[in-house]
**Student:** 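Take this structure, written in structure tokens, and hold onto it; I'll ask about it next.
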Amino acid sequence: MTYETAKSRFTEWNVDTEAALRRLAEIPISMHCWQGDDVVGFEQKSGSSGGGIQATGNHPGRARTPDELRADLEFAYSMIPGKHRLNLHAMYMDTDESPDRDAIEYHHFAAWVDWAKSQELGLDFNPTFFAHAKADDNLTLAHPDAGIRDFWIEHGRRTREIAAAIGAELGSPAINNIWVPDGMKDLPVDRLAPRARLEASLDDMLAERHDPAHMRDAVESKLFGIGVEAYTVGSHEFYLGYAIRKGVLLCLDMGHFHPTENIADKLSAVALSVDELLLHVSRPMRWDSDHVILLNDDILAMGQALVSEDLLKKTHIGLDFFDATISRTAAWVIGTRNMQKSLLRALLSPLDRLKEAETALDFTTRLVLTEELKDLPFGAVWEEFCKRHNRPTGTQLIGALDDYQRRVEVRG
Ligand code: RNT
Ligand code: ZN
């Protein structure tokens, strides 16, 4: 079907495809650097990520250096329509020095900022509270030892400073997301004391005020992790309360809840209490497995919530998945494009008509509409979007992904 035919089909529903395409082009997705190297990072160390998260698989082509990671990112962005962002973790420093986490400075990341400028990308940032000897107990900001807590508080302070400098340099606020792995494998006797310590550490870390035009803090909750099955200090309730009381962003990761919870439903519920949200769009399978996101019901519901509840203006969309069993660049491309497709579907919905039926309690019409809408030619509009942004679709996309994967497979 041609775009023109599709356009007229949508016009029959009073949906303006041109407006949808314009709007979609303005929605940045923050692509996570850690899909490119299985969450390993570039510090002078070896080993796996730890902290209760786990990339599985050994597909050839893992990026081993900042240059390789940037080359892979450039390729991935060249397959994704629109201008986006990169979400960088502190352990991805680009430097010959080996600063410990409590000694990192802006200059250790300056190469990333120069590159982001050259690529016209925004940057987001994260302190790294895992993959480090001082995090081996799976306790960092909530550790009973004040010395360990202070080390991590200093790490957090420095990442906030770095994020602020990055945001100032790029003229776009860097969202600095705080996730700590803190928890226990088996049942704690006292669940409150670690939470009180986490709260006090966060307060210390966040005490210095940075210009929100340069950086904004987010806090990410979690249900459990590998080795921390019994208790997570920073649970959803903990951070929901913290974010509301302290005025920081709340990050909702789609893999961090009980499997039958509807994460899209949470957006409107918390949006009334927090000014801004951060999403880690992910796909849990049986556990927080961080599979590449599909264009499935969960992602469609997320896109719909963002658009129909007008929450895009207060939500930063970030991705969080890591699959090492497939081409890592293909994973980025497929996942990011799926997020965009879910937004496009929502932008192409006759929202006024749907809401009108709902307000009138005419649930029959609402059901007829939602089900008939599923037959509309969304694919032709997506293809047009890619064409206008000079990005391939279908067999051309598959060919480009294969070619690039073959090029990186020679890496050791
Ligand atoms: C872990 C969290 C966290 C990490 C990244 C690497 O469960 O989801 O966001 O995945 O910070
Ligand atoms: Zn996450």
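Source: prediction; values computed, not measured. Remember, it's 1-based here, ligands and their atoms both numbered in the order they're listed.
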**Student:** Compare Val39, Asn126, Ile53 and give the one whose heavy atom is closest to atom 1 (C) of ligand 1.
**Tutor:** Ile53
**Student:** Apply side-chain hydrogen bond (donor to acceptor under 3.5 Å, both in side chains) to the pair Ser221 and His256, showing each step before the final yes or no.
**Tutor:** CA-CA 7 Å; Ser221 68; His256 290 190; 5.5 Å; no
**Student:** Run the numbers for me: atoms of ligand 1, each under 4.0 Å from some heavy atom of Asp253, listed by number.
**Tutor:** 8 (O)
**Student:** Closer than 4.0 angstrom: is that true for some heavy atom of His32 and an atom of ligand 1?
**Tutor:** no
**Student:** Number the atoms of ligand 1 from 1 as they appear, then name those within less than 4.0 Å of a heavy atom of His256, with their elements.
**Tutor:** 1 (C), 2 (C), 7 (O), 8 (O)
**Student:** Show which atoms of ligand 1 fall inside a sub-4.0 Å distance from at least one heavy-atom site of His280.
**Tutor:** 9 (O)
**Student:** Below 30° counts as parallel, above 60° as perpendicular, anything between as tilted: where do the rings of Phe75 and Tyr404 land?
**Tutor:** parallel
**Student:** So, of the N/O/S atoms that Glu220 has, which is the nearest one to the Zn ion (ligand 2)?
**Tutor:** OE2
**Student:** Please determine whether a side-chain nitrogen of the Lys or Arg among Asp288 and Lys222 lies less than 4.0 Å from a carboxylate oxygen of the Asp or Glu.
**Tutor:** yes
**Student:** Would you call Glu161 and Arg158 a salt bridge, taking side-chain N to carboxylate O under 4.0 Å as the test?
**Tutor:** no
**Student:** Ring-plane angle category for Tyr242 and Phe238, please: parallel below 30°, perpendicular beyond 60°, tilted otherwise.
**Tutor:** parallel
**Student:** When you measure from atom 7 (O) of ligand 1 to every protein heavy atom, which one gives the shortest distance, and what is it?
**Tutor:** Lys222 NZ, 2.6 Å
**Student:** Ignoring hydrogens and geometry, is there a side-chain-to-backbone donor-acceptor pair from Arg328 to Trp34 under 3.5 Å?
**Tutor:** no
**Student:** Does His280 bring an N, O or S atom to under 2.8 Å of the Zn ion (ligand 2)?
**Tutor:** yes
**Student:** Of all the non-hydrogen atoms in the protein, which one sits nearest to atom 9 (O) of ligand 1, and at what distance?
**Tutor:** Glu220 OE1, 2.7 Å
**Student:** Salt bridge check, Arg353 against Glu356: does any charged N sit closer than 4.0 Å to a carboxylate O?
**Tutor:** no
**Student:** Would you say Asp320 has an N, O or S atom lying under 2.8 Å from the Zn ion (ligand 2)?
**Tutor:** yes
**Student:** Among all the protein's non-hydrogen atoms, which is closest to atom 8 (O) of ligand 1, and how far away is it?
**Tutor:** Asp320 OD2, 2.8 Å
**Student:** Should the pair Phe109 and Phe125 be assigned to parallel (<30°), tilted (30 to 60°) or perpendicular (>60°) ring geometry?
**Tutor:** perpendicular
**Student:** Between the side chain of His84 and the main-chain N/O of Ile29, is any donor-acceptor distance below 3.5 Å?
**Tutor:** yes
**Student:** Any atom of ligand 1 sitting under 4.0 Å from a heavy atom of Asp288?
**Tutor:** yes
**Student:** Could you identify the single nearest non-hydrogen protein atom to atom 5 (C) of ligand 1 and state the distance to 0.1 Å?
**Tutor:** His89 NE2, 3.5 Å
**Student:** Starting from the Zn ion (ligand 2), look over the N/O/S atoms of Asp253 and name the nearest one.
**Tutor:** OD2
